[in-house]
Amino acid sequence: MAILSSLRRRSAAVSVAAVAGATAVGVCLAVSSASAGTLSGSLYRDPSSAVVRWVAANPGDSRTAVIRDKIASQPQARWFANFNPSTVQSEVSGFIGAANAAQQIPVLAVYEITNRDCGGASAGGAPDLNQYQTWVSNFARGLGNQTVIIILETDSLALLTCLSTGEINARNQAISTATQTIKSGNPNAKVYLDGGHSTWNSAGETANRLRAAGVQYADGFFTNVSNYNSTSNEANFGRSVISALNGMGISGKRQVIDTSRNGGASGDWCGDDNTDRRIGQYPTTNTGDSNIDAYLWVKPPGEADGCRFTAGSFQPELAFSLANGAPNPPTTAPPTTPPPTTTPPTTTPPTTPPTTPPNSSPPAGDGCYASIAINQWAGGFTASVTVTAGMSEINGWTVTVVLPGGAGVSGTWNAQASGTSGTVEFTNVSYNGRVAGRQSTNFGFQGTGTGPGVQADCVPA
């Protein structure tokens, strides 16, 4: 799966002072008294995110433990910001399939609107709005039918200074159409539009812009992706926006707040040059506030804003600054509900080394051990395989899986397969052969027919 480019998102490239003067874990969709919003469930932790890959590649770095425990352990949004209409459906499908198999809710940040960022550090997007709609249609086809959270076009409504009146109207129509396209593709999708943040446009102006862009078709709006304002300030702002929308006859809309970098001081917008930032509230759908569906990490902590470093690049220096001194994340029990029956992904999931912990006890001695989690549907399955080292480090592995009669392997990720039916051997690829003692790595495969049993033979190289 393509990794997002350095132009993947805009930070608030307008200072607070300038903006102030402008006029311009089970997957379900249910009302929950614990959550208080309309979302209930565990958020998906992407095992191929930039921070996870950095942690896996830098075990000896003095910053690794802090970054691993306080950032890489947490669910964050996957950004879809490359204009790739021919492949976006398969990329989305692979990501959604992995989240569904984990019984968790994925967060997808769509960042593809034409003339995004007004030509700033994260300029780009679709060449024109017709091609944008083609891209969105293909994106929506990959969303499956389980609950997903869509953060639709950061800054697209808060930042309009570079657009003419006609261009603003066209953008509003494009976002409204995109919202309805996504909802049609997956009725369980929760779609949120751009609400800027509490120190940008006024609540009334924000509500006007949301209405013009079709928030009536969405579930609500998101705020604070482009700034570091406190959660309380954003919640107060959100209540004012909701009140303004209610006054326009648009009711039932809720807010999500990006808390990825708002646990420290506020001030200058660019996080690349600040050391007084901290990660904020850990991601959750349990907000306790009936107006707020979730606290999310939309902007991945440690990814640059484009001032000191290339926009979107992961910088361990920034990640460590955000995480060092922050409280440890809460501990939560794993989901106990049975896995859902889902539509199979249409492409190979990402080929990057996940670091999911083993789902069973490692072997008592040396060698390695493999366990399999199956997500089965009518006619096919995906298998997530956890390879765990024994007491000593291994430097390569082969896992042998016996498939039932009539079953076949149609795709593999994070391993190389020898054979497609009967007894199939999976061997490590270059980046995940070395596994420290008592540690684990993962690979997976997709197949037709009935999936194999829950255990497999593992032999170290």
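- Between the side chains of Ser392 and Asp366, a donor-acceptor pair is found at a separation under 3.5 Å.
- Listed for the Asn186 side chain is a donor-acceptor partner under 3.5 Å among the backbone atoms of Leu143.
- In this structure, Lys190 pairs ionically with Asp219, as a charged nitrogen and a carboxylate oxygen lie closer than 4.0 Å.
- Heavy-atom minimum distance, Leu39 versus Ala294: CD1-CB, 4.4 Å.
- Side chains of Glu234 and Thr223: a donor on one and an acceptor on the other come within 3.5 Å.
- Centroid-to-centroid, the aromatic rings of Phe426 and Trp397 stay 6.0 Å apart or farther.
- Of the possible donor and acceptor atoms, none in the side chain of Asp155 sits under 3.5 Å from a partner among the backbone N and O of Ala158.
- When only modelled atom types and interatomic distance are considered, Ser260 and Gln76 share no side-chain donor-acceptor pair under 3.5 Å.
- Using a 4.5 Å heavy-atom threshold, the side chains of Tyr282 and Tyr295 count as separate.
- Nearest heavy atoms, Pro85 versus Asn138: O-ND2, 2.7 Å.
- Counting only N and O atoms by type, the side chains of Gln133 and Asn130 include no donor and acceptor under 3.5 Å apart.
- Ser321 and Glu317 form no side-chain donor-acceptor contact under 3.5 Å, judged by distance and modelled atom types alone.
- For the atom pair CG of Leu157 and CG of Asp194, the computed distance is 5.0 Å after rounding to the nearest 0.5 Å.
- With contacts defined as side-chain heavy-atom distances shorter than 4.5 Å, the pair Val435/Thr388 does not qualify.
- In summary, the side chains of Thr259 and Asn224 do not present any donor paired with an acceptor at a separation below 3.5 Å, with no hydrogens or angles considered.
- Side-chain contact check for Glu425 and Thr427: no donor-acceptor pair (N or O, by modelled atom type) lies under 3.5 Å.
- Between the side chain of Lys70 and the backbone N or O of Ala326 there is at least one donor-acceptor pair closer than 3.5 Å.
- In this structure, the side chain of Asp258 engages the main chain of Lys299 through a donor-acceptor pair within 3.5 Å.
- A salt bridge does not link Glu153 with Arg116: every distance from a Lys NZ or Arg NE/NH1/NH2 to an Asp or Glu carboxylate oxygen is 4.0 Å or more.
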Audit row: Val148, Phe95, side chain to side chain contact (heavy atoms under 4.5 Å, CB included) steps and yes/no: CA-CA 11 Å; Val148 300; Phe95 182 65; over 6 Å; no

